[in-house]
Amino acid sequence: MQTLEEHCWSCSCTRGRDKKVSTWLPQRVGKAMSSLNSLLSLAYRTLASSEGRSLIRRSLVLFSVGAFLALVLNLLQVQRNVTLFPEEVIATIFSSAWWVPPCCGTAAAVVGLLYPCIDSRLGEPHKFKREWASVMRCIAVFVGINHASAKLDFANNVQLSLTLAALSLGLWWTFDRSRSGLGLGITIAFLATLITQFLVYNGVYQYTSPDFLYIRSWLPCIFFSGGVTVGNIGRQLAMGSSEKTHSD
């Protein structure tokens, strides 16, 4: 008799737990679906707004600029045998690996959107030389620095690295002069150098005569000046978009 009572008690407890599980799971699924629906609605409203459309346009422009500059500047490095890619990954367009333009375009979009975002977060809108003529001169100087890294012949890479470092700092001082621009440029140079070291270490491509682990010692200078240049483009695009929004 006692065994029968224990059996009935255990059955009722089991049914109670099953009932709780059966009601808890649909509730959790319903809450998750409701949260997902709210998130999608918010994303749709953001993209449908003028700010969302402006963000998409700026991203596309920055991606295109980054991909184009990557093709042109990588061509200089390949022609001078500074950068070597495996033959099986070389594409016909500008003798570049297929993944270089999309990767550089994506990086340019992220960096170009990050600069004005950091400026707004710090409450220090960048107003120094905010016109497209200055931005175009900055791009020309950046291309010249990259061209110098492939064309100039120095006694050793240390002299070339010091020269390019001075030119890169000169580019920042001439076209930026902001603490946020300097800090972001250094951070971008550091992260990009680490990624490049990793790619070269794994045999994705290589540099001739490496003197800074697996890469050339002047490469961080190129990344720094490139970050400052793309940041100026992003700032100018953001300023033009905000002025258009206010006028509308």
Side-chain angles (χ1 to χ4, degrees), residues 39-74 99-143 145-146 168 171-196 199 220-248:
L39 182 61
L40 292 176
S41 299
L42 178 62
Y44 175 78
R45 288 194 299 268
T46 301
L47 292 177
S49 64
S50 59
E51 293 182 357
R53 292 192 296 270
S54 172
L55 184 67
I56 294 175
R57 286 195 297 267
R58 285 188 286 145
S59 300
L60 292 176
V61 172
L62 290 166
F63 179 88
S64 301
V65 171
F68 177 75
L69 288 177
L71 286 173
V72 174
L73 300 180
N74 189 65
W99 50 267
V100 171
C103 289
C104 293
T106 303
V110 172
V111 172
L113 295 176
L114 186 62
Y115 265 76
C117 180
I118 295 297
D119 290 339
S120 62
R121 291 291 183 180
L122 295 177
E124 299 177 357
H126 189 260
K127 299 293 185 180
F128 180 71
K129 291 187 177 181
R130 292 292 87 209
E131 67 266 358
W132 278 110
S134 177
V135 174
M136 297 306 295
R137 287 193 294 269
C138 183
I139 296 174
V141 173
F142 169 61
V143 173
I145 292 174
N146 197 289
S168 299
L171 181 142
W172 167 78
W173 180 256
T174 305
F175 300 103
D176 193 319
R177 296 189 186 183
S178 66
R179 291 176 297 176
S180 59
L182 179 63
L184 280 173
I186 294 175
T187 303
I188 291 167
F190 176 75
L191 294 177
T193 301
L194 285 182
I195 295 173
T196 306
L199 293 177
C221 304
I222 302 297
F223 291 141
F224 174 83
S225 58
V228 173
T229 301
V230 174
N232 279 338
I233 299 173
R235 283 167 166 166
Q236 188 65 33
L237 289 172
M239 180 173 291
S241 299
S242 62
E243 291 177 353
K244 183 177 180 181
T245 302
H246 292 322
S247 63
D248 293 342

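Since we're looking at a predicted model, the values are computed, not measured.
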Separation between OG1 (Thr106) and CG (Leu62), nearest 0.5 Å, reads 11.0 Å
So, do Val72 and Val143 sit near enough that their side-chain heavy atoms are less than 4.5 Å apart? no
Would you say the side chain of Phe175 lies within less than 4.5 Å of the side chain of Ser134, judging by non-hydrogen atoms? yes
Of the non-hydrogen atoms in Glu131 and Arg137, which two are nearest, and what is the gap between them? OE2-NH2, 4.1 Å
Can you measure from OG (Ser54) to CG (Leu237) and round to the nearest 0.5 angstrom? 8.5 Å
For a quick test of your reading: what N or O donor-acceptor pairs under 3.5 Å do the side chains of residues 221-231 make, sequence neighbours left out?
unit_1	atom_1	unit_2	atom_2	d
Ser225	OG	Cys221	O	3.1
Ser225	OG	Ile222	O	3.1
Thr229	OG1	Ser225	O	2.8

What's the verdict on side chain to side chain contact (heavy atoms under 4.5 Å, CB included) for Thr174 and Val141, showing C-alpha distance, side-chain angles and the deciding distance? CA-CA 10 Å; Thr174 305; Val141 173; over 6 Å; no
Within this structure, what is the OG-CG distance for the pair Ser178 and Leu122, rounded to the nearest 0.5 Å? 9.5 Å
When rounded to the nearest 0.5 angstrom, what is the spacing between CG in Leu114 and CZ in Arg235? 10.0 Å
Scanning both residues in full, the closest heavy-atom pair of Thr193 with Ala189 reads OG1-O, 2.6 Å
Closest non-hydrogen atom pair, Pro116 against Gly234: CG-O, 4.0 Å
Of all heavy-atom pairs between Cys104 and Gly66, which one has the smallest distance, and what is that distance? CB-O, 3.9 Å
Once you round to the nearest 0.5 Å, how far does CG of Leu171 lie from CG of Asn232? 7.5 Å
Restricting to non-hydrogen atoms, name the atom on Leu69 and the atom on Ile139 that form the minimum distance, rounded to 0.1 Å. CD2-CG2, 4.5 Å
Inter-residue atom distance Tyr115.OH - Gln236.CD, 0.5 Å rounding: 15.0 Å
I need the minimum non-hydrogen distance between Gly181 and Asp176, along with the two atoms involved. CA-OD2, 3.6 Å
